[in-house]
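First comes the structure, then the notes that go with it.
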Amino acid sequence: MNKYRFIVPVFLLFFLTSCMSDDGQSQDGDDKVAEEIKKITWEEIPLPEGKTAVNFAVSNDGRYLFYTTISNNYIYRYDVVEKKEIKLYGDLSTMGASFVHVLDGKLYMITYHDNKSYFSVSEDNGNTITRNLVATFVPFAPQTAFVRADFNRLFRMNDGTLLFPHFTNSTSQVNEISISTDGGKTWTKKNSGIVFIHASQGNRLFATPGNWQGDFGIGASGGGLHYSDNKGDTWTKSDLKYSPQAVDREGNLIGADNSQLQRLKGNKWTIYEWDGNFPFAEKLSNVSSGGTVTQRISDIEFDQSNNLYLLSSKTGGQGSAIYKTKLN
């Protein structure tokens, strides 16, 4: 009888190992756990007349929407309850777009003015703002931190480090990301083999290489999805079935297609579909040609109740309304 005590643990270890993918996630193939398809409906939250948002964020309680606009890159706060809008920032962006993010209840704003980049923080939904100068653009001079950005992602690691993949749409500068270890007061650039980083789950980053020709989310070999557990120092090929574009408040991975959302909870993918042509999500894509990278990605946000918000349009993620739903 004693001779079998060692065989059973070894067998269990082999079984458990065989059920894990190469990125440490449980396998999500159809042969393991069948996908479930659910229908969802959307609540439309129109923005004030004449406003077209480029990117947005939502406050923890869902009362406020923060967004930048296509016409002037100003940053606005919209009170969903009182239907009131105020401008938090104006006269911006002589160099590029502005971005807003809400992480752990803090509002982060990335702005540009007079050849200077700024990273601003608010802990009261924009009522008071602390603005930190990041860098000043000097032609032909090396920069120690970002002076411009073209990508709407900001990540907070478990140790509080902020990671900003600030420049992704050029094939000539594909190895730079910026990090801050003091809450955004100071920044430094570091090298990373992949900079198109589109989701984080705890300390795990998900990214796709900038030289991939095509779309993502078509199985293990369908797009070169990679993950990193060391803040982008090294990358490993992932075999997740869908490419994550966001992570909800429960830590579940969220993917998107034109008229579909995907959620990985445990080792099971659930597909969420809706009737009609709107809202319109963006299927993750990253196409490189002639030194220019064309990228598509959805702007998906969550409040503390895990309601999902989507900026919808068929024009690269810009839109005049935010759409809200719940993935049950």
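Rounded to the nearest 0.5 Å, atoms CG (Asp159) and OG1 (Thr181) are 8.5 Å apart. Between the CG atom of Leu88 and the CZ atom of Arg77 there is a distance of 6.0 Å, given to the nearest 0.5 Å. Between Lys189 atom NZ and Ile179 atom CD1 the span is 12.5 Å, to the nearest 0.5 Å. Within the model, atoms OG1 of Thr236 and CG of Asp229 stand 7.5 Å from one another, a figure rounded to the nearest 0.5 Å. A distance of 11.0 Å separates CD1 in Ile300 from OG in Ser312, rounded to the nearest 0.5 Å. To the nearest 0.5 Å, atoms CZ (Phe119) and CZ (Phe164) are separated by 8.0 Å.
The shortest side-chain heavy-atom distance between Leu311 and Tyr309 does not fall under the 4.5 Å cut-off. Between Leu103 and Phe155, the closest side-chain pair of non-hydrogen atoms is not below 4.5 Å. Within the 4.5 Å cutoff, no side-chain heavy atoms of Glu301 are placed close to those of Val102. For the pair Lys51/Glu85, a side-chain contact is recorded, criterion being any heavy-atom separation below 4.5 Å from C-beta on. The closest side-chain heavy-atom distance from Leu154 to Phe99 is not below 4.5 Å. Tyr227 is not listed as a side-chain neighbour of Leu240, based on a closest heavy-atom distance of 4.5 Å or more. Using a 4.5 Å cut-off on side-chain heavy atoms (C-beta onward), Met109 and Arg131 make no contact. Taking the side chain as every heavy atom from C-beta outward, Asp248 and Leu327 never approach each other to under 4.5 Å.
A donor-acceptor pair under 3.5 Å is absent between the side-chain atoms of Lys268 and the main chain of Glu36, judged by distance alone. Distance alone, capped at 3.5 Å, is enough to place a donor-acceptor pair between the Trp274 side chain and the Pro279 backbone. With Gln201 contributing its side chain and Asn252 its backbone, the two residues share no donor-acceptor pair below 3.5 Å. Judged by distance alone, with hydrogens and angles left aside, the side-chain atoms of Lys106 form no donor-acceptor pair with the main-chain N or O of Val121 at under 3.5 Å. Remark: the backbone N or O of Gln245 is paired with a side-chain donor or acceptor of Arg153 at under 3.5 angstrom.
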Could you give me the CA-CA distance, side-chain angles and deciding distance for Leu163 and Lys190, then say whether side-chain contact (heavy atoms from CB on, under 4.5 Å) is met?
CA-CA 10 Å; Leu163 189 148; Lys190 63 174 286 184; 5.6 Å; no
Starting from the C-alpha separation in whole Å, work towards a yes-or-no answer on side-chain contact (heavy atoms from CB on, under 4.5 Å) for Ile45 and Glu43.
CA-CA 7 Å; Ile45 307 174; Glu43 172 192 351; 4.3 Å; yes
side-chain contact (heavy atoms from CB on, under 4.5 Å) between Gln262 and Lys241, intermediate numbers included:
CA-CA 10 Å; Gln262 308 107 15; Lys241 185 172 184 179; over 6 Å; no
Working for side-chain contact (heavy atoms from CB on, under 4.5 Å), residues Glu44 and Trp42
CA-CA 6 Å; Glu44 183 182 13; Trp42 295 90; over 6 Å; no
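Between Ser200 and Val247, the shortest heavy-atom distance links the atoms O-CG2, 2.9 Å. Heavy-atom minimum distance, Ser98 versus Asn55: O-ND2, 2.9 Å. Taking each heavy atom of Ala135 and Phe146 in turn, the nearest pair found is CB-O, 3.7 Å. The two residues Pro165 and Val195 make their nearest non-hydrogen contact at CB-O, 3.3 Å. For the residue pair Val100 and Ala57, the shortest heavy atom distance occurs at CG2-N, 3.8 Å. When all heavy atoms of Trp235 and Ser192 are compared, the closest pair comes out as NE1-OG, 3.2 Å.
Looking only at atom types and distance, the side chain of Ser180 has a donor-acceptor partner in the side chain of Asp182 under 3.5 Å away. The closest side-chain donor-acceptor pair between Gln260 and Tyr242, if any, does not fall under 3.5 angstrom. A donor-acceptor contact under 3.5 angstrom links the side chains of Asp61 and Ser59, judged on distance only.
Annotation: ring-ring contact (aromatic ring centres under 6.0 Å, His included) contacts of Tyr76 (sequence neighbours excluded): Tyr67. Partners of Glu49 by side chain to side chain contact (heavy atoms under 4.5 Å, CB included), not counting sequence neighbours: none found. In this structure Asn230 satisfies the side chain to side chain contact (heavy atoms under 4.5 Å, CB included) test together with Ser228, Asp233, Thr234, sequence neighbours excluded. Contacts of Asp104 classified as side chain to side chain contact (heavy atoms under 4.5 Å, CB included), with partners at least two apart in sequence or in another chain: Arg156. Residues that satisfy the side chain to side chain contact (heavy atoms under 4.5 Å, CB included) test with Thr128, not counting sequence neighbours, are Asp124.
No option in Asn307, Asn60, Asn306 other than Asn60 meets the side chain to side chain donor-acceptor pair (under 3.5 Å) test with Arg249.
Clustering of Ile, Leu, Val, Met, Phe, Trp and Tyr by side-chain heavy atoms under 4.5 Å joins Tyr118 with Leu133.
Checked for salt-bridge contact, Asp275 and Lys39 meet the test: a charged N lies under 4.0 Å from a carboxylate O.
For Lys185, the NZ atom sits in a loose shell: 12 or fewer heavy atoms of surrounding residues, nucleotides or ligands are nearer than 6.0 Å.
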